[in-house]
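What follows is a set of notes on a single structure, which appears directly below.
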Amino acid sequence: MDLTSPRVIRDVQNKFGFTFKKGLGQNFLTSRDILTKIVDALENENEVLEIGPGFGTLTAALAERMDKVVSIELDDRLLPVLEYTLGGFDNVKVVHGDVLKLDLRSLIKEEFGERNVSVAANLPYYITTPVITKLLEERLPLNNIVVMVQKEVAQRITASPASKDYGAITLLCRYFCEPSIVTTVPASLFVPPPKVDSAVLKLRLLPKSAVSVTDEKLLFRVIKAAFSQRRKTLLNCMSSAFPVPKEEMSRLLTETGIEPSRRGETLSLDEFARLSENLVSVL
Ligand code: SAM
């Protein structure tokens, strides 16, 4: 069954009386070429956790090449559909649940033992940042994350300092991984077509974080604070976020080699790490 064919998608819809739910980001991919690029980007992985299988288009492409695919789907209307479309595979397991609420560490351990896995997903746009944040901040045993995201999000995650796209999510991803854009994907390659274009983003997890800090949570708090009000100076953002008198914060920034009047978006990950290290001593 070629699930990338709009005619087959329509047939499956009719068979199950299925209607797309916009609120669940249900835009299904119809390009075999893009599916191949996603599977290729996973390199030589044999086991994969998928998020949001929909009708099982990407799931089937993964199952053809991998030993095991575990796929998390929130919409219970899709469970009988997936039984039908993926019935021919004995290496696929569908888990019903919300990726944002599931205990992914336990799920990975249960399904894959102590081995690292990779993640593949065509994510609903409204949960892209929370899902990526969850996958990274929980320090799950992952090798690669290959996700379809809104093109702008992929640009943000791969942005350089001082560019308008640079933000907290850029730094979070840089801290844990090496990000790259695999390919861009026009909206016309989905059924129904979304309003925006997409891109396949690859996050290759680093063996250890890009910078070393005493308190990782503090580093993320500093980063979030620095981008909380983009038009304000770093000194103002930091003074509103941390209980340190303004003069002391100003001195601390200067001692870190960071001009207090700079904006958060001009700082590199290294500078954020140095700042968070110096802040530990005054908090
Ligand atoms: N993988 C299919 C494809 O590429 O054609 C469908 C992708 S569609 C953009 C997103 C899928 O994620 C839908 O099947 C939707 O029901 C599911 N989904 C939405 N929110 C979810 C959540 N919180 N947890 C798990 N799945 C979710």
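Everything numeric here is computed off the predicted structure, so don't read it as measured data. Counting starts at 1 for both ligands and their atoms, following the listed order.
- For Gly97, the closest heavy-atom approach to ligand 1 falls below 4.0 Å.
- Close approach to Gly25 involves these atoms of ligand 1, each under 4.0 Å from a residue heavy atom: 8 (S), 9 (C), 10 (C).
- Protein heavy atom in closest approach to atom 12 (O) of ligand 1: Gly52 CA, 3.2 Å.
- Counting only N and O atoms by type, the side chains of Lys22 and Asn27 include no donor and acceptor under 3.5 Å apart.
- Contacts with ligand 1 closer than 4.0 Å are made by side-chain heavy atoms of Glu50 only, the backbone lying farther away.
- For ligand 1, the atoms lying closer than 4.0 Å to a non-hydrogen atom of Gly54 are 6 (C), 14 (O).
- For ligand 1, the atoms sitting less than 4.0 Å from at least one non-hydrogen atom of Pro53 are 1 (N), 2 (C), 6 (C), numbered in the order shown with element in parentheses.
- By the 4.0 Å N-to-carboxylate-O rule, Arg156 lies too far from Glu152 to be salt-bridged with it.
- Scanning all protein heavy atoms for the shortest distance to atom 5 (O) of ligand 1 gives Leu29 N, 2.9 Å.
- Judged by distance alone, the side chains of Asn143 and Glu43 never bring a donor and an acceptor atom under 3.5 Å apart.
- In this structure a side-chain-to-backbone donor-acceptor pair under 3.5 Å is missing from His96 to Asp75.
- Under 4.0 angstrom from ligand 1, the non-hydrogen atoms of Asn122 come from both its backbone and its side chain.
- Nearest protein heavy-atom contact of atom 16 (O) of ligand 1 is Glu73 OE2, 2.6 Å.
- Using a 4.0 Å cut-off between heavy atoms, Ile127 contacts ligand 1 through its side chain alone, with no backbone atom that close.
- In terms of hydrophobic clustering, with Ile, Leu, Val, Met, Phe, Trp and Tyr side chains grouped at heavy-atom distances under 4.5 Å, Leu35 and Val182 are assigned to a common cluster.
- The shortest N or O to N or O distance between Val99 and ligand 1 is below 3.5 Å.
- Among Leu74, Ile72, Leu102, the residue whose heavy atom lies nearest to atom 22 (C) of ligand 1 is Leu74.
- Under a 3.5 Å cut-off, the side chain of Glu277 and the backbone N or O of Thr214 do form a donor-acceptor pair.
- Not one N or O on the side chain of Tyr125 forms a donor-acceptor pair closer than 3.5 Å with the backbone of Ser198.
- Shown in contact with Gln26 at under 4.0 Å from a heavy atom are these atoms of ligand 1, numbered in order with element: 13 (C), 15 (C), 16 (O).
- Contact annotation for Leu78 and ligand 1: only side-chain heavy atoms (C-beta onward) come within less than 4.0 Å of the ligand.
- Between Arg174 and Asp270 there is no salt bridge, since no side-chain N of the basic residue sits under 4.0 Å from a carboxylate O of the acidic one.
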**OP:** Give the intermediate values and the outcome of salt bridge (Lys or Arg N to Asp or Glu O under 4.0 Å) for residues Lys68 and Glu111.
**Re:** CA-CA 9 Å; Lys68 182 166 180 176; Glu111 295 296 339; 3.1 Å; yes
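- Between Asp11 and Lys15 there is no salt bridge, since none of the side-chain N atoms of the basic residue sits less than 4.0 Å from a carboxylate O of the acidic one.
- Ring geometry for Phe20 versus Phe28: interplanar angle over 60°, hence perpendicular rather than tilted (30 to 60°).
- Taking a 4.0 Å cut-off on heavy atoms, Tyr126 registers as neighbouring ligand 1.
- Taking every heavy atom of Asp98 and a limit of under 4.0 angstrom, the matching atoms of ligand 1 come to 22 (C), 23 (N), 24 (N).
- For the pair Leu58 and ligand 1, the shortest N or O to N or O distance does not fall below 3.5 Å.
- Taking every heavy atom of Phe28 and a limit of under 4.0 angstrom, the matching atoms of ligand 1 come to 5 (O), 6 (C).
- Put simply, no part of Leu100 is less than 4.0 Å from ligand 1, judged by heavy atoms.
- For Ala121, no heavy-atom contact with ligand 1 is shorter than 4.0 Å.
- Ring pair Phe227/Phe272 is tilted by interplanar angle, where 30° to 60° counts as tilted.
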